[in-house]
Amino acid sequence: PGSSAPGFHALDASIDLRSASSADVPSWHGRVGWSQASVAAPLAVWPGAGASLDRTALLRARRLIVDDVLSGDAFGRRLAYGSAERQHPVRRSAYGTLALAGFIDAARASQGFAARPKPIHVDAGVGLRIERPGEAGQIRLDVGVGLRDGRVRASAGYLTRWGRR
């Protein structure tokens, strides 16, 4: 027997750029993208931007998950986003590289719970990056400030570096 339940789709297209692959030299990192989920898509696959690294888009001064529920200022069936980051190594040792980072994130969600599109949110901030030799990722510690509303949020995470497995 066939099912009368509607199907759904989700799409995420992004471009990632970086100026250097080594953590030992100053570098620029960037990402721009667009995501969409169909009308029948469950909320779990709707795109969103927040401080957590479990989603593609970052807005480091905002929470995407509040009381175990996906919500937030940049959550909807469509999302346009971009981030730029400058990393500058300040200390190198046999244990790894410590770098300072400055970043700016922007995102705009539409077709969410509200009838009208949400405003563009822009967050800026600073962070520390710790990368150990031979590991495929880095520890990230960030403090972001919302430029529209003054929200401040600290976040931490482990990010696998692009281009490595």
Side-chain angles (χ1 to χ4, degrees), residues 11-36 46-76 78-110 112 117-165:
L11 169 71
D12 182 46
S14 65
I15 296 173
D16 291 285
L17 304 166
R18 66 180 177 180
S19 64
S21 60
S22 172
D24 294 336
V25 297
S27 60
W28 285 96
H29 302 253
R31 169 178 279 173
V32 294
W34 181 79
S35 300
Q36 174 181 320
W46 282 23
S52 61
L53 295 173
D54 58 347
R55 295 283 175 142
T56 302
L58 288 172
L59 270 178
R60 287 172 257 201
R62 343 204 142 265
R63 290 175 39 178
L64 180 60
I65 300 172
V66 179
D67 295 329
D68 295 327
V69 176
L70 276 169
S71 63
D73 298 332
F75 181 67
R78 290 189 179 163
L79 180 73
Y81 58 89
S83 290
E85 182 173 302
R86 173 72 171 173
Q87 293 183 18
H88 188 82
V90 293
R91 176 119 167 98
R92 293 174 196 88
S93 74
Y95 301 109
T97 301
L98 174 69
L100 295 177
F103 61 84
I104 188 160
D105 305 322
R108 181 175 186 250
S110 61
K118 296 178 180 179
I120 296 172
H121 290 283
V122 179
D123 297 348
V126 296
L128 292 175
R129 306 290 177 258
I130 303 166
E131 187 164 333
R132 295 186 47 172
E135 288 198 16
Q138 64 181 195
I139 297 170
R140 302 169 61 102
L141 305 170
D142 292 321
V143 176
V145 177
L147 300 183
R148 296 187 82 246
D149 55 15
R151 289 185 187 183
V152 177
R153 178 145 185 89
S155 61
Y158 183 82
L159 180 66
T160 302
R161 291 182 56 89
W162 176 70
R164 294 190 188 171
R165 292 185 182 257

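Not a single side-chain contact (heavy atoms from CB on, under 4.5 Å) links Pro133 to another residue, sequence neighbours left out. Applying the side-chain contact (heavy atoms from CB on, under 4.5 Å) criterion to Trp34, with sequence neighbours excluded, gives Leu11, Gln36, Arg78, Ala80. In this structure, Val126 has no side-chain contact (heavy atoms from CB on, under 4.5 Å) partners at least two apart in sequence or on a different chain.
The closest side-chain heavy-atom distance from Arg129 to Glu85 is below 4.5 Å. Taking the side chain as every heavy atom from C-beta outward, Ile130 and Glu135 never approach each other to under 4.5 Å. Residues Phe103 and Arg140 form no side-chain contact, since every pair of their non-hydrogen atoms from C-beta on lies 4.5 Å or further apart.
Closest approach of Asp142 to Gly127, counting heavy atoms only: OD1-CA, 3.5 Å. Closest non-hydrogen pair, Lys118 versus Arg108, comes out as O-NE, 3.1 Å. Between Ser35 and Pro47 the shortest heavy-atom distance is CB-CB, 3.4 Å. Pairing each heavy atom of Ala106 with each of Val122, the nearest pair is CB-CG2, 4.1 Å. Across every non-hydrogen atom of Arg148 and Ile120, the tightest pair is CD-O, 2.7 Å. The minimum heavy-atom distance linking Pro89 with Thr97 is given by the pair CB-CG2, 3.9 Å.
Contact check on Arg60 versus Asp105 returns a salt bridge, with a Lys/Arg side-chain nitrogen under 4.0 Å from an Asp/Glu carboxylate oxygen.
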### Query
Would His121 and Arg151 satisfy side chain to side chain contact (heavy atoms under 4.5 Å, CB included), going step by step from the backbone distance to the final call?
CA-CA 11 Å; His121 290 283; Arg151 289 185 187 183; over 6 Å; no
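Taking NE2 of His29 as the start and CZ of Arg86 as the end, the distance is 9.0 Å to the nearest 0.5 Å. Here the straight-line distance linking atom CZ of Phe75 with atom CG of Leu59 works out to 13.5 Å at 0.5 Å rounding. Note that CD of Gln87 and CG of Leu98 are 10.5 Å apart. Values are rounded to the nearest 0.5 Å.
Without hydrogens or angle criteria, Ser19 side chain to Trp28 main chain gives a donor-acceptor distance under 3.5 Å. Distance alone, capped at 3.5 Å, places no donor-acceptor pair between the Arg63 side chain and the Gly50 backbone. With hydrogens and angles ignored, the 3.5 Å screen pairs a side-chain donor or acceptor of Asp123 with a backbone N or O of Ala61.
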